[in-house]
Participant: 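Dropping the structure in here first, questions after.
Labels below follow one simple rule: chain letters A, B, ... track the order of the sequence lines, proteins then strands, and each chain is numbered from 1. Atom set for the values below is all heavy atoms of this structure, side chains included, hydrogens, waters and symmetry mates excluded.
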6 protein chains.
Amino acid sequence: MMLQESNRIGRIAMLFALADAGETLTTPPPNGWRYCTGKVGSMNSQKIVAAMETAAKSSHIIETDVYRETHALYHAIMEALYGVTRGQVQLGDVLRTVGLRFAIVRGNPYDRKQEGDWLAVALYGTIGAPVRGSEHEAIGLGINHI
Amino acid sequence: MMLQESNRIGRIAMLFALADAGETLTTPPPNGWRYCTGKVGSMNSQKIVAAMETAAKSSHIIETDVYRETHALYHAIMEALYGVTRGQVQLGDVLRTVGLRFAIVRGNPYDRKQEGDWLAVALYGTIGAPVRGSEHEAIGLGINHI
Amino acid sequence: MMLQESNRIGRIAMLFALADAGETLTTPPPNGWRYCTGKVGSMNSQKIVAAMETAAKSSHIIETDVYRETHALYHAIMEALYGVTRGQVQLGDVLRTVGLRFAIVRGNPYDRKQEGDWLAVALYGTIGAPVRGSEHEAIGLGINHI
Amino acid sequence: MMLQESNRIGRIAMLFALADAGETLTTPPPNGWRYCTGKVGSMNSQKIVAAMETAAKSSHIIETDVYRETHALYHAIMEALYGVTRGQVQLGDVLRTVGLRFAIVRGNPYDRKQEGDWLAVALYGTIGAPVRGSEHEAIGLGINHI
Amino acid sequence: MMLQESNRIGRIAMLFALADAGETLTTPPPNGWRYCTGKVGSMNSQKIVAAMETAAKSSHIIETDVYRETHALYHAIMEALYGVTRGQVQLGDVLRTVGLRFAIVRGNPYDRKQEGDWLAVALYGTIGAPVRGSEHEAIGLGINHI
Amino acid sequence: MMLQESNRIGRIAMLFALADAGETLTTPPPNGWRYCTGKVGSMNSQKIVAAMETAAKSSHIIETDVYRETHALYHAIMEALYGVTRGQVQLGDVLRTVGLRFAIVRGNPYDRKQEGDWLAVALYGTIGAPVRGSEHEAIGLGINHI
């Protein structure tokens, strides 16, 4: 059950999130993998979570009416938010706002079939005071089995 | 004090950490910026911190005998570890081990000189049980003024 | 000052919280102990705290106008919420909602009188997305001297 | 995908952990479910995690060589430890020791087959100073899809 | 780069925050240091952060349009709030309110010039239920290089 | 149950911890209050906790063989450590060491007798890298009913 060099799901998701408009990945995701990307900006952490859940469902990355898939995604999102917020998963409550690009990727990164599908949620963008320019970059990655 | 497109220090550090052996960045860091990369693997979080501090000092990214520089680096490292550990900055205590590539970059990402230098610490690798193959990817980024 | 087998206050509180409508405990709390049970559901963590404080006061488990008793209860509630939320004591902010049964028990679980009264706050219910069925169970227990 | 009254996996696991020697559950787990119970005491959180992983594997609740199963169990254990430690998943580092009974249960608590198996890890015991009698009860529950 | 006995910036800030109306410090801050004091009370952590940022800017302790200075202050404020809230940087969400005096001090506490300026943010006041008298004292200190 | 101006237990404890050798408090603690002060330095958080527990017991601030008193002190110590460590109650694990003066004070800070005794634990000192001079000040305060 080794991680496959070409199937590093977290790295692929992160490269998607880091890609600027018009950039493409030099190595695309493996055949059969599903993914989506999007943008969201808010002081409201609830909206950040909701935007990613909506994107994953409308892109058919997870099945809407299977709770285990929502559960897997939710925890991957929360883990990615730990990286972005670094300590307390809070934004507006502590006077911070974020502008983020996100990528959600689904596939099996391991060399054995029985490992099944995994999800990676990558976030890249800025965090800072709600004043233009008073911000620096932030990154987060969450990975979960599905 | 806008973030400069070509000077996104966190993105540059993350791309360094994601780069496989032999890969080069399509857009190198701006002239005059300093950076180093390295690898560290351990169940001992103390060793992870020490390895990065040593690398930053021996590469002259920070000045060894100026405490404010060590202080800036320390907090950037801790923030990057939040992303990797996602909740509790603990490894062996909760039976986890990591194998990480790191990149430390120093420069001014803003369009105004008075913003001075900033540090980015990027981590990419795996986290998991101390059993080969029982691991998934993890990422962290910490940014601080220096 | 050993914990008395029949006076395990946390276990008693938890069994109350786990009891379905109509179920009774096979071993009731010791004579002279005070307790109450109730239900609360919300995305708003403030409401969860307030519902338990109100129940404890109106059931005369704690004295309303003695701050040390409110203080003891507050910390027991917060500790129980750590078990339910597992990481960040947040609900709506991270798009979660809970439906909980709670039990609050007061008595001396130790074999020596001078240990005085202790409080146990037990929570049992579900946590999940604000969508019916998208939820799993959660449990928390907080214990404090009073 | 409603939680089934008779299949509340967290409640079943918690009742197992609360059961004293010789006690049996009034409602046993559904047919086909797998579970184990055990005891562990330590100041060393690493040992607590290891004891439960070993029990789950030797009881064939999870498959030893499938990483996604280990991963699911690990996160359920960590979530249960949040309830026990209430704030920082630390024991000896902050001069605490625990004596715990644990129960690990695997089955599908939902009314639809596609929800698949879930894991519940329940902990019940005492936490306190490393001095006999200087301790109170603690409880934790972690639930994860597998 | 030793801390100078007379320049202990955290101690000076804390003594300012502890000083009652009309009290003066027996040892004033070193020449050339800048500082301000103020009061803020709220259940809303956002307002606490904003009140201190506004005071620091209007007292010219930090430069309004230099982001690195805002960034240094923000992290010092957050660290001070950890001390006040002890676990989760939350107030109203967990039904708590605070009434705080704050002091913000800027200067170089070290014996070498190259250590440059540092910021100390000290908080002293009460935290408790939103009921008069149901509260106890709380203290926090954050220190950062600027 | 108002806090008495002259009985602010947290402020008194903090002033003790801030006092340099030979300094005395301008307003001493109320008659009948008990207190002790001491010093401890370590990378090992376990030793910090143990040093304060030992001092409180040997100074008869708490009764050694009454668990509720040990329990009250333990939580006050942990809360003070949150202020010192600001995020994760860890020292050596994240390559930090502390040198602290502590003060432990016991008395009733409220104007009504039934509020009984409370404990304040104040910490003042330095935290930093295990290199002389690479450190800044840190402060923590924990308060609990006893």
Participant: Please look at C:Thr85 and chain D and tell me whether the side chain, the backbone, both or neither of the residue comes under 4.5 angstrom of a heavy atom of that chain.
Facilitator: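 The answer is neither part of C:Thr85.
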
Participant: Near D:Lys47 NZ, under 6.0 Å, is it more than 12 heavy atoms from other residues, nucleotides or ligands?
Facilitator: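 No, the 6.0 Å shell around NZ holds no more than 12 heavy atoms from other groups.
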
Participant: With heavy-atom distances below 4.5 Å as the criterion, would you say the side chains of C:Asp20 and D:Glu5 are in contact?
Facilitator: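 They are in side-chain contact.
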
Participant: Give, as side chain, backbone, both or neither, the part of C:Leu81 having an atom under 4.5 angstrom from any heavy atom of chain D.
Facilitator: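 Neither the backbone nor the side chain of C:Leu81 comes within 4.5 Å of chain D.
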
Participant: Counting heavy-atom pairs closer than 4.5 Å to chain D, which one of C:Arg11, C:Glu79, C:Glu135 comes out on top?
Facilitator: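 Answer, by heavy-atom pair count under 4.5 Å with chain D: C:Arg11.
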
Participant: Taking every heavy-atom pair that is under 4.5 Å apart, which of D:Gly87, D:Gly140, D:Pro109, D:Ala122 has the most such pairs with chain C?
Facilitator: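 That would be D:Gly87.
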
Participant: For the residue pair D:Leu18 and C:Leu18, establish whether any side-chain heavy-atom pair is separated by less than 4.5 Å.
Facilitator: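 Sidechains of C:Leu18 and D:Leu18: in contact.
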
Participant: What part of C:Glu23 gets closer than 4.5 Å to chain D, counting heavy atoms only: side chain, backbone, both or neither?
Facilitator: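 Side chain only.
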
Participant: Just by modelled atom types, is the D:Ile143 backbone N or O under 3.5 Å from a matching donor or acceptor in the C:Glu137 side chain?
Facilitator: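 Judged by distance alone, no pair lies under 3.5 Å.
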
Participant: Measure D:Ala19 against the heavy atoms of chain C and call it side chain, backbone, both or neither at under 4.5 Å.
Facilitator: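 The backbone, not the side chain.
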
Participant: Would you compute the distance between atom NE2 of C:His75 and atom CZ of D:Arg86 and round it to the nearest 0.5 angstrom?
Facilitator: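 Rounded to the nearest 0.5 Å, the NE2-CZ separation comes to 12.5 Å.
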
Participant: Examine whether an atom of C:Ala120 lies under 4.5 Å from a heavy atom of chain D, and if so say whether it belongs to the side chain, the backbone or both; otherwise answer neither.
Facilitator: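 Contact with chain D is absent: no heavy atom of C:Ala120 under 4.5 Å.
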
Participant: Does any non-hydrogen side-chain atom of C:Leu15 lie less than 4.5 Å from one of D:Leu15?
Facilitator: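 Of all side-chain heavy-atom pairs linking C:Leu15 with D:Leu15, at least one is under 4.5 Å.
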
Participant: Chain C: which of D:Arg8, D:His145, D:Met14, D:Met78 shares the most heavy-atom pairs with it under 4.5 Å?
Facilitator: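 If we count pairs closer than 4.5 Å to chain C, D:Arg8 comes out on top.
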
